[in-house]
Amino acid sequence: MLKTIIMVGMGSCLGGIVRYLLSRFIQNYWSNSFPVGTLAVNVLGCLAIGLFYGLFEQGNLTNSQLKMFLTVGLCGGFTTFSTFANENVQLIRDGHFLYFSLYTSFSLLAGFLMIYAGYSLVKWLF
């Protein structure tokens, strides 16, 4: 159990660092209040978790510690639902109802589609 906790913690730390750097990098090139950095991170995180679960299910990756590191740790630390929710509250408070609607709708739709795409890609390749 301790080994699993350490693997999740290491993955989460790495995922959080990558999330911060990538979302800041993307947001710096976006000139309005639409939270495109968090959106990109969440969509990429959904693709990654779909790929990982597909690889584990196919038997290409079998180590349970690696599974915990990649899915619960790395993807859990990388994706940012709490930030997503907070940014939606800020969009509503600032009166950006169109951005709120677009951000929420696209995040959910793209997230589901990317998980399915990652999972399907693994099934197709292997």
Side-chain angles (χ1 to χ4, degrees):
M1 180 68 159
L2 182 59
K3 188 175 181 181
T4 300
I5 291 169
I6 292 170
M7 294 302 286
V8 168
M10 289 178 9
S12 183
C13 179
L14 180 60
I17 291 168
V18 173
R19 174 190 68 221
Y20 173 76
L21 294 173
L22 183 59
S23 65
R24 296 292 2 125
F25 176 78
I26 292 170
Q27 199 64 45
N28 284 339
Y29 291 98
W30 197 259
S31 62
N32 63 29
S33 58
F34 189 82
V36 70
T38 303
L39 174 63
V41 164
N42 283 337
V43 170
L44 288 172
C46 288
L47 175 61
I49 205 166
L51 289 168
F52 293 145
Y53 274 116
L55 289 168
F56 282 107
E57 186 174 292
Q58 290 291 322
N60 297 320
L61 297 174
T62 57
N63 184 307
S64 63
Q65 300 301 320
L66 180 61
K67 181 178 184 179
M68 297 304 287
F69 174 82
L70 292 173
T71 58
V72 177
L74 185 69
C75 288
F78 183 68
T79 58
T80 56
F81 189 76
S82 58
T83 301
F84 164 75
N86 182 59
E87 287 173 343
N88 272 304
V89 168
Q90 294 303 319
L91 289 171
I92 291 169
R93 288 174 66 192
D94 293 343
H96 297 292
F97 300 108
L98 177 61
Y99 284 167
F100 160 75
S101 298
L102 290 172
Y103 183 39
T104 300
S105 300
F106 190 75
S107 292
L108 293 174
L109 180 62
F112 292 136
L113 290 174
M114 294 306 273
I115 288 173
Y116 182 76
Y119 183 81
S120 297
L121 183 61
V122 168
K123 291 274 192 187
W124 181 71
L125 291 174
F126 301 99

Are [X] and [Y] connected, step by step, through hydrophobic side chains (Ile, Leu, Val, Met, Phe, Trp, Tyr) whose heavy atoms are closer than 4.5 Å?
| X | Y | result |
| --- | --- | --- |
| Leu55 | Tyr53 | no |
| Leu74 | Ile6 | yes |
| Leu51 | Val43 | yes |
| Phe78 | Leu66 | yes |

Quick one: does [X]'s side chain have a donor or acceptor within less than 3.5 Å of a partner on [Y]'s backbone?
| X | Y | answer |
| --- | --- | --- |
| Gln58 | Val122 | no |
| Arg19 | Val41 | no |
| Ser101 | Phe97 | yes |

Drop me the distance from [X]'s [atom1] to [Y]'s [atom2], to the nearest 0.5 angstrom.
| X | Y | atom1 | atom2 | result |
| --- | --- | --- | --- | --- |
| Ser107 | Asn42 | OG | CG | 6.0 Å |
| Phe81 | Thr83 | CZ | OG1 | 10.5 Å |
| Ser33 | Gln27 | OG | CD | 9.0 Å |
| Phe56 | Phe52 | CZ | CZ | 8.0 Å |
| Met68 | Met7 | CE | CE | 10.0 Å |
| Phe106 | Leu109 | CZ | CG | 7.0 Å |

Quiz item: side-chain contact (heavy atoms from CB on, under 4.5 Å) with Lys67: which of Asn63, Thr71, Leu70?
Solution: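 Option passing the side-chain contact (heavy atoms from CB on, under 4.5 Å) with Lys67: Thr71.
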
Self-check item: Taking every non-hydrogen atom, the tightest pair across Leu91 and Pro35
Solution: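 Result for this residue pair: CD1-CD, 4.0 Å.
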
Exercise. Considering non-hydrogen atoms only, spot the tightest contact between Cys46 and Ile115 and give its length.
Key: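 Result for this residue pair: O-CG1, 3.2 Å.
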
Exercise. Would you tell me whether Thr104 and Asn88 have side-chain atoms, one donor and one acceptor, within less than 3.5 Å of each other?
Key: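 Side chains of Thr104 and Asn88: pair found under 3.5 Å.
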
Quiz prompt | Residues forming a ring-ring contact (aromatic ring centres under 6.0 Å, His included) with Tyr103, sequence neighbours excluded | solution =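 Testing Tyr103 for ring-ring contact (aromatic ring centres under 6.0 Å, His included), a comparison that skips the adjacent residues, returns Phe34, Phe84.
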
Practice problem: Applying ring-ring contact (aromatic ring centres under 6.0 Å, His included), name anything that partners Phe25, two or more places apart in sequence or on another chain. | Solution: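 Listed in chain order: Tyr29.
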
